[in-house]
Number of protein chains: 2
Amino acid sequence: MSHSNDDESAPAEGRASDAVVDQIQRQILSGTLENDSLLPSERDLMEQFSTSRTVIREAVATLASRGLLEARPRFRPVVRKPGYDTALNSVGSIVQLMLQQKGGIESLFASRVFVERGLVRDAALSANREDISALKEALAKNKNAIADSETFYETDMAFHGVLYGIPRNPIFPAIHIAYCSWLKPHWGQMLRSPERNEVNYASHMAIYTAILERDPDAAEEALATHLSTAWEYVRETFGAP
Amino acid sequence: MSHSNDDESAPAEGRASDAVVDQIQRQILSGTLENDSLLPSERDLMEQFSTSRTVIREAVATLASRGLLEARPRFRPVVRKPGYDTALNSVGSIVQLMLQQKGGIESLFASRVFVERGLVRDAALSANREDISALKEALAKNKNAIADSETFYETDMAFHGVLYGIPRNPIFPAIHIAYCSWLKPHWGQMLRSPERNEVNYASHMAIYTAILERDPDAAEEALATHLSTAWEYVRETFGAP
DNA sequence: AAAACATTTTGGTAGAACCAAGACGGGGTA
DNA sequence: TACCCCGTCTTGGTTCTACCAAAATGTTTT
């Protein structure tokens, strides 16, 4: 039963960089290394941990891959206290690969539809006044941007974003951001026109109305058709199979 | 407007390791580097790419962090063709951090409940014969394991796993595996007894029945109470706030 | 044929050195 | 005084060499 577990308390004596990673990670989480501050120089760190620069660099790379450090090519790494967005952000590179595989985008989009169907159902059941007014406001901005295809996309995302905020679960907004960033390359260059914006706005309004009426089935239905339609736009922009 | 974008086709001239990463990544995806095979030795690679070992090591570390290579401490890296499980697996380290934060496990568990509520709804609406029989089989194994608390957990997971398979979306099984691995530390050491196993089995049966009867609301309700109850067990095992 | 041993290979670490680009400071000019 | 230019220092990125320990491999012994 007690197979080899990599608990944080055990050095495990495998990689020297692990100890450094562990230390720095603690410092970041505990606030000793303040958020948005610059990590000490590699040479400072190698003195501080009394190890070689090789180990330090490896540790920094590891932390960067975990999202605890933001390391631009020739700049000092920036300390980033992790959030749920950080987690999802770090998978981006792999997801991009997955999306290039056969059926990748379809699967991802289907998962989004699945999530948002649940979201609107819950919204219809449990949205409070704040949620409703937030939706209303987002809807208004959405309407005002119908003529402006540049900003319409943003107001569109913002409307959906409100839905992700309703469960008061910090994971969901992070998922929303992740979906947006992952699908943007395929979604962003879609053909846009005030007519289509109008259609999308109408869909949003239908969702909003269903939520107002506390009708989860109608809300789910409205959202499903909304996303399906929008998806058809995308497939029609690219080559349809 | 045209800010610097880091497309994959551009070398970008930032890090030398990026080129190596790109090359090896292509070789893995194209199958030139066969899955489960061993990566060439670092010294071979540094000759092949005519660069220093440092760069090679950095590239290997990057690919390992992306899940394309499985690099145990002192062993040759193993080539791993990426899947959706790979993606979710690579976030594990960050998620573990998140779970230690205040309300972390609650948020994650709530998201799981959310997902599975949707799953059982869809199952009730669209499960076909194969799905039903798979559920039935999983349920049978679950029943047989009631007396054996060792294996009951596995059959429990397996039952839920069937639900994740019904949408025929490869992302969902990966999510299931991720949930299991992330929650296992908190879930696994839960107090278990045949009585509680009996309760869980009854819950599964209720879900199955509701799906059979094509009643999404009942299925959702059954699942929600099931997970809530199980969650209470967990909180009672640990210190409840 | 299996086990024990010797050798080679290979990943992990150290350390010095170099380069190029960012950060910094000082001095000159408007 | 305020601003800009330029030299210097700092620092991350890279190369190279060397060494160690453990894994992998080959050889000998039982």
Side-chain angles (χ1 to χ4, degrees), chain A residues 3-4 6 10-25 27-28 33-34 36-80 93, chain B residues 3-6 8 10-25 27-28 33-34 36-80 93:
Chain A
H3 54 72
S4 67
D6 45 330
E13 188 56 53
R15 285 180 266 264
S17 65
D18 285 355
V20 180
V21 167
D22 213 56
Q23 282 282 104
I24 297 182
Q25 180 170 291
Q27 292 187 15
I28 294 178
L33 284 173
E34 198 173 355
D36 290 338
S37 67
L38 295 179
L39 197 71
S41 74
E42 297 178 349
R43 289 170 174 88
D44 280 352
L45 289 173
M46 79 182 253
E47 185 180 5
Q48 176 180 342
F49 290 97
S50 61
T51 180
S52 69
R53 199 148 82 96
T54 308
V55 173
I56 296 296
R57 285 183 59 78
E58 187 176 331
V60 169
T62 300
L63 289 168
S65 77
R66 290 188 189 178
L68 295 177
L69 294 178
E70 190 179 324
R72 303 195 348 261
R74 282 201 168 264
F75 293 78
R76 297 274 286 279
V78 182
V79 175
R80 292 288 185 219
S93 55
Chain B
H3 56 70
S4 65
N5 57 355
D6 46 329
E8 66 284 352
E13 191 54 53
R15 285 180 262 263
S17 65
D18 285 355
V20 180
V21 167
D22 213 55
Q23 281 283 103
I24 297 182
Q25 181 170 291
Q27 293 187 15
I28 293 178
L33 283 173
E34 198 173 356
D36 290 340
S37 67
L38 296 179
L39 197 69
S41 74
E42 296 178 352
R43 288 171 174 89
D44 279 354
L45 289 174
M46 79 181 253
E47 185 180 3
Q48 177 179 340
F49 291 96
S50 61
T51 181
S52 68
R53 198 148 81 98
T54 308
V55 173
I56 296 296
R57 285 183 59 78
E58 188 176 330
V60 168
T62 300
L63 289 168
S65 77
R66 291 188 189 176
L68 295 177
L69 293 178
E70 190 178 325
R72 293 176 23 239
R74 281 201 168 265
F75 293 77
R76 297 274 286 280
V78 182
V79 175
R80 292 288 186 219
S93 56

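No hydrogens, no waters, no symmetry mates; every other heavy atom, side chains included, goes into these values.
Side-chain contact between B/Val78 and B/Leu69 is absent, with no heavy atoms from C-beta onward closer than 4.5 Å. For the pair B/Leu45/B/Glu42, no side-chain contact is recorded, criterion being any heavy-atom separation below 4.5 Å from C-beta on. Put simply, the side chain of A/Ile56 reaches to within 4.5 Å of the side chain of A/Val60, judged on heavy atoms.
Rounding to whole angstrom units, CD of residue A/Glu58 and P of D/dG13 are separated by 14 Å. As rounded to whole Å, 17 Å separates atom C1' of D/dT14 from atom CZ of B/Phe49. Separating the CG atom of A/Leu38 from the C1' atom of D/dG12 is a distance of 13 Å, rounded to the nearest angstrom. Straight-line distance from the CD atom of A/Glu42 to the P atom of D/dT11: 10 Å, rounded to whole Å. Atom-to-atom, CE of A/Met46 to C1' of C/dT13 comes out at 12 Å; the value is rounded to the nearest Å. Between B/Glu47 atom CD and C/dT9 atom P the separation is 14 Å, expressed in whole Å. The distance from atom CZ of B/Arg76 to atom C1' of D/dA24 is 9 Å, rounded to the nearest whole Å. What separates CZ of A/Arg72 from C1' of D/dG12 is a distance of 12 Å, to the nearest Å.
Of the candidates D/dT14, D/dA22, D/dG13, D/dT14 carries the atom nearest the B/Ser52 side chain, counting heavy atoms from C-beta on. Across D/dT14, C/dT13, D/dG12, the shortest atom-to-atom separation from the side chain of B/Arg57 is found for C/dT13. For A/Arg53, taking side-chain heavy atoms from C-beta onward, the closest of the listed nucleotides D/dG12, D/dT15, C/dA14 is D/dG12. Taking only side-chain atoms of B/Arg74, from C-beta outward, the nucleotide of C/dG11, D/dG12, C/dG15 with the closest atom is C/dG11. Among C/dA14, D/dA24, C/dG11, the nucleotide with an atom closest to any side-chain atom of B/Phe75 is D/dA24.
Checked by distance alone, B/Arg43 brings a side-chain donor or acceptor within 3.5 Å of a matching partner on the base of C/dG11.
For D/dT10, the OP1/OP2 oxygens have no side-chain nitrogen or oxygen of A/Ser41 closer than 4.0 Å. Residue A/Ser17 has no polar side-chain atom (N or O) positioned under 4.0 Å from OP1 or OP2 of C/dT13.
Using a 4.0 Å heavy-atom criterion, one finds that A/Thr54 contacts the bases of the nucleic acid, with or without backbone contacts as well.
For A/Arg76, there are no salt bridge (charged side-chain N to carboxylate O under 4.0 Å, His left out) partners at least two apart in sequence or on another chain. Every residue two or more places apart in sequence or in another chain was checked for a salt bridge (charged side-chain N to carboxylate O under 4.0 Å, His left out) with B/Glu34, and none qualifies.
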